[in-house]
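Working notes for the structure below.
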Amino acid sequence: LCQLTAVKMSNEYFRSPLETRWGSKEMRSIFGAQRKVECWRKLWLALAKGEKELGLPITDEQIADLEEHITDIDFDAAAKYEKELRHDVMAHVHTLGDAATKARPIIHLGATSQFVNCNSELLQIRDALNLVSVKLARVIDALGSFCSQWANEPCLGFTHLQPAQPTTVGKRAATWAQDLWLALEEVEFRLATLRFRGIRGATGTQASFMQLFDNDEDKVNKLDAYVCQAFDWPVDKRFPVCGQTYPRVLDGQIVSTLAVVAAAIHKMCTDIRLLASWREVEEPFEKNQIGSSAMPFKRNPMRCERACGLTKFVMAQPQAPLSMAATQWMERTLDDSACRRMSLPEPFIATDAALDVCLNVCQGLVVWPQVVRSNLMTELPFLASENILMEAAKNGVDRQDGHEAIRKHSHEAAAAWKLRGEKVDLLEKLKQDDLFKDLDFSDTLDPSKYVGRAPQQTREFVAGPVEEVRGRYRAHLNVQGQLNV
């Protein structure tokens, strides 16, 4: 009965679809309340340990008391405290104090709320960026295999979404993988340059810690380094100066990086949706999957459409943290707090969800070679006309005369095709024209003549950037992409 009541209540009120439909357990866990408050308690523990080691009157018994109460968080008690105190951090200070009664007097000693808020958020960002980088690598790996398989398959190229010089199926996919590779570089840069806040006090001056240690700067610096190292953060990767919070411009950088990832995903999934409409390439479609409630035959690309929807959301998000960074008055103002509870977790969860979709798609992409060739061969006579003109000029034909003849013949052939559905007979018309009678048309419609170095470029890209990514992330690959819904 209790379980049924809980299910009913969970469906009675709004819950974000990032939680109920798309977000992975791994990413949602990073930003979950349990993990966040556990991190707060670990920060309070590290602070107390460092203060004890540097001479403050904190006992082993108090440290042990804190260590015993890292995970047993009474969220109901904390909620009652917050309703009374209107302060979430102090609510959890009191909740922990009620459990760890011996340690109660020294919890949060010398700290401000942003000691736990900022440092725990930086730890969340580090973990979340690592997860995004792993999932990017998996998609790049899957696309690399697809590129290798289809490196030599000629297909119609498009510029302005109009037929253009041919490329290959694998080369086009390599451009998608390259976008994701560039996005991965951006994520890795953010990870490599991410800094810790440490112990800074109410306005970033460390005045409270100077008071605790009788103005001993060396001990204050050692305490800052101790807390940093307790969370496996390099001591040289701390913000040199802070106000009360870490610089909020960092949030803008992080979410903008996620927007770069989102843009790369959106571009790829849009291309796949277009290719699916031409029946050339399709995302996976399961045996019992329904494409449309009205039209039973439909095979709508719902995976790529979902990825595009999620990434549109992510690309819209940088405005919020940039605005917050711009309007942080002096050493700190609280008008960022409510917004940041959404503006940090949600772009990460949505990006992560889109990457899960991408992995599922890229591991199951279907190519229909006969359709690819049919579409290409319909346009190839027109695309071959420039090569024909060059060959005719080499044989002594006036370039301008040849150009005009091809223009007229191509327009006539196109009109017959578009108006009456007739086969494109441009080559037959050119063969009968005296200007081109000496040309050899035997291999004019060989698509491989028109793809340039596309196959080689594809293999070089896979052998270079893709293999380099595989080498660095090998332990995290070989995972099958799954969808929740």
Handout entry: Close side-chain approach of E282 to P301, heavy-atom, < 4.5 Å
Key = no
Handout entry: Between OH on residue Y226 and CG on residue L47, distance to nearest 0.5 Å
Key = 10.0 Å
Handout entry: 4.5 Å side-chain heavy-atom contact, V227 and F115
Key = yes
Practice task
Would you check, one step at a time, whether the test side chain to side chain donor-acceptor pair (under 3.5 Å) holds for H108 with W44?
Solution key: CA-CA 6 Å; H108 201 65; W44 283 321; 2.9 Å; yes
Handout entry: Side-chain (Q244) to main-chain (A202) donor-acceptor, under 3.5 angstrom
Key = yes
Exercise for the section: Over all heavy atoms of both residues, which pair between R303 and V361 is shortest? Give the atoms and the distance, please. Expected result: CB-CG2, 3.6 Å
Practice task
Using a strict cut-off of less than 4.0 Å between a Lys/Arg side-chain nitrogen and an Asp/Glu carboxylate oxygen, indicate whether D72 and R41 qualify as a salt bridge.
Solution key: yes
Exercise for the section: Using the test side chain to side chain donor-acceptor pair (under 3.5 Å), find all partners of S113 that sit at least two apart in sequence or belong to another chain. Expected result: H87
Handout entry: Minimal non-hydrogen separation, A354 against L310, with atom names
Key = N-CD1, 3.9 Å
Exercise for the section: Would you please name every residue forming a side chain to side chain donor-acceptor pair (under 3.5 Å) with E67, sequence neighbours left out? Expected result: K49
Exercise for the section: Kindly indicate whether the side chain of M324, heavy atoms from C-beta on, has any atom under 4.5 Å from the side chain of S343. Expected result: yes
Exercise for the section: Answer yes when D98 and R104 have at least one side-chain N-carboxylate O distance shorter than 4.0 Å, and no when they do not. Expected result: yes
Exercise for the section: Would you give the length of the straight line joining atom CE of M342 to atom CD of Q317, rounded to the nearest 0.5 angstrom? Expected result: 9.5 Å
Scan the side chains in residues 206-213 for donor-acceptor partners under 3.5 Å anywhere in the protein, sequence neighbours excluded, and list what turns up.
residue : atom : partner : partner atom : Å
Q206    : NE2  : I199    : O            : 2.9
S208    : OG   : G110    : O            : 2.7

Practice task
Please examine the side chains of L161 and L274, heavy atoms only from C-beta on, and report whether any two atoms are closer than 4.5 Å.
Solution key: yes
Handout entry: Under 3.5 Å: donor-acceptor pair, side chain of S120, backbone of N117
Key = yes
Problem - Any donor-acceptor pair under 3.5 Å from E283 side chain to M302 backbone - result: yes
Problem - Validation row: C155, T167 side chains within 4.5 angstrom (heavy atoms) - result: yes
Practice task
Tell me, yes or no, whether the heavy-atom count around N478 atom CG, taken from other residues, nucleotides or ligands under 6.0 Å, exceeds 12.
Solution key: no
Problem - From L66 atom CG to K42 atom NZ, the distance as rounded to the nearest 0.5 Å - result: 13.5 Å
Handout entry: Electrostatic pair D214-K219, nearest N-O below 4.0 angstrom
Key = no
Problem - Side-chain ion pair, K36 and E121, N-O less than 4.0 Å - result: no
Problem - Any donor-acceptor N/O pair, S337 side chain to L334 backbone, under 3.5 Å - result: no
Problem - Distance (rounded to the nearest 0.5 Å) between L122 CG and D127 CG - result: 11.0 Å
Practice task
Kindly indicate whether a cation-pi arrangement holds for R470 with Y473, taking the cut-offs as under 6.0 Å to the six-membered ring centre and within 45° of the axis.
Solution key: no
Practice task
Would you sort out whether N152 and R459 count as a side chain to side chain donor-acceptor pair (under 3.5 Å), showing the intermediate values?
Solution key: CA-CA 10 Å; N152 296 321; R459 286 190 286 270; 3.0 Å; yes
Exercise for the section: Look up atom CD1 in I349 and atom CD1 in I30, then write down how far apart they are to the nearest 0.5 Å. Expected result: 9.0 Å
Exercise for the section: Scan side-chain atoms only and decide if Q456 and E460 contain a donor-acceptor pair under the 3.5 Å cut-off. Expected result: no
Exercise for the section: Tell me whether the centres of the aromatic rings in F196 and F239 are closer together than 6.0 Å. Expected result: no
Handout entry: R472/E188 salt bridge by N-O under 4.0 Å criterion
Key = yes
Exercise for the section: Taking R238 for its side chain and V235 for its backbone only, find out whether a donor-acceptor pair lies under 3.5 Å. Expected result: yes
Exercise for the section: Could you tell me whether the side chain of Q34 reaches within less than 4.5 Å of the side chain of F75, counting heavy atoms only? Expected result: yes
Handout entry: Donor-acceptor under 3.5 Å (S148 side chain, G144 main chain)
Key = yes
Practice task
Using modelled atom types only, decide if a donor and an acceptor are shared between the side chain of T333 and the backbone of W329 within a distance under 3.5 Å.
Solution key: no
Practice task
Evaluate the ring planes of W278 and F158, with Trp represented by its six-membered ring, and classify them as parallel (under 30°), tilted (30 to 60°) or perpendicular (over 60°).
Solution key: parallel
Exercise for the section: Examine the side chains of D74 and T95 and answer whether a donor and an acceptor come within less than 3.5 Å of each other. Expected result: no
Handout entry: Close side-chain approach of Q253 to L250, heavy-atom, < 4.5 Å
Key = yes
Problem - Whether T311 side chain and V314 backbone form a donor-acceptor pair below 3.5 Å - result: no
Table please: side-chain donor-acceptor pairs of residues 263-273 below 3.5 Å, with sequence neighbours left out.
residue : atom : partner : partner atom : Å
H266    : ND1  : T270    : OG1          : 3.1
H266    : NE2  : K312    : NZ           : 2.7
K267    : NZ   : D271    : OD1          : 3.3
K267    : NZ   : D271    : OD2          : 2.5
T270    : OG1  : H266    : O            : 2.7
D271    : OD2  : W176    : NE1          : 2.9

Exercise for the section: May I ask you to decide whether D88 forms a salt bridge with R341, counting only side-chain N to carboxylate O separations under 4.0 Å? Expected result: yes
Exercise for the section: Begin from the C-alpha positions of D352 and R28 and carry the test salt bridge (charged side-chain N to carboxylate O under 4.0 Å, His left out) through to its verdict. Expected result: CA-CA 10 Å; D352 174 75; R28 288 190 292 118; over 6 Å; no
Problem - Sidechain-backbone polar pair: R195 side chain, K237 backbone, donor-acceptor under 3.5 Å - result: no
Completion exercise
In terms of heavy-atom contacts, I70 and E38 come closest through O-CG, 3.5 Å
Problem - Nearest non-hydrogen partners of A78 and A91, listed with the distance - result: O-CB, 3.4 Å
Problem - Electrostatic pair E186-R190, nearest N-O below 4.0 angstrom - result: yes
Practice task
Working to the nearest 0.5 Å, report the span between CD of Q363 and CG of D141.
Solution key: 8.0 Å
Handout entry: Side chain proximity check, N360 to P284, heavy atoms < 4.5 angstrom
Key = yes
Practice task
Sequence neighbours left out, what passes salt bridge (Lys or Arg N to Asp or Glu O under 4.0 Å) with K171? Give chain and number order.
Solution key: none
Fill in the blank from the handout: side chain to side chain donor-acceptor pair (under 3.5 Å) filter on K222, not counting sequence neighbours, yields D218
Handout entry: Side-chain donor/acceptor of D65 to backbone N/O of T101, under 3.5 Å
Key = yes
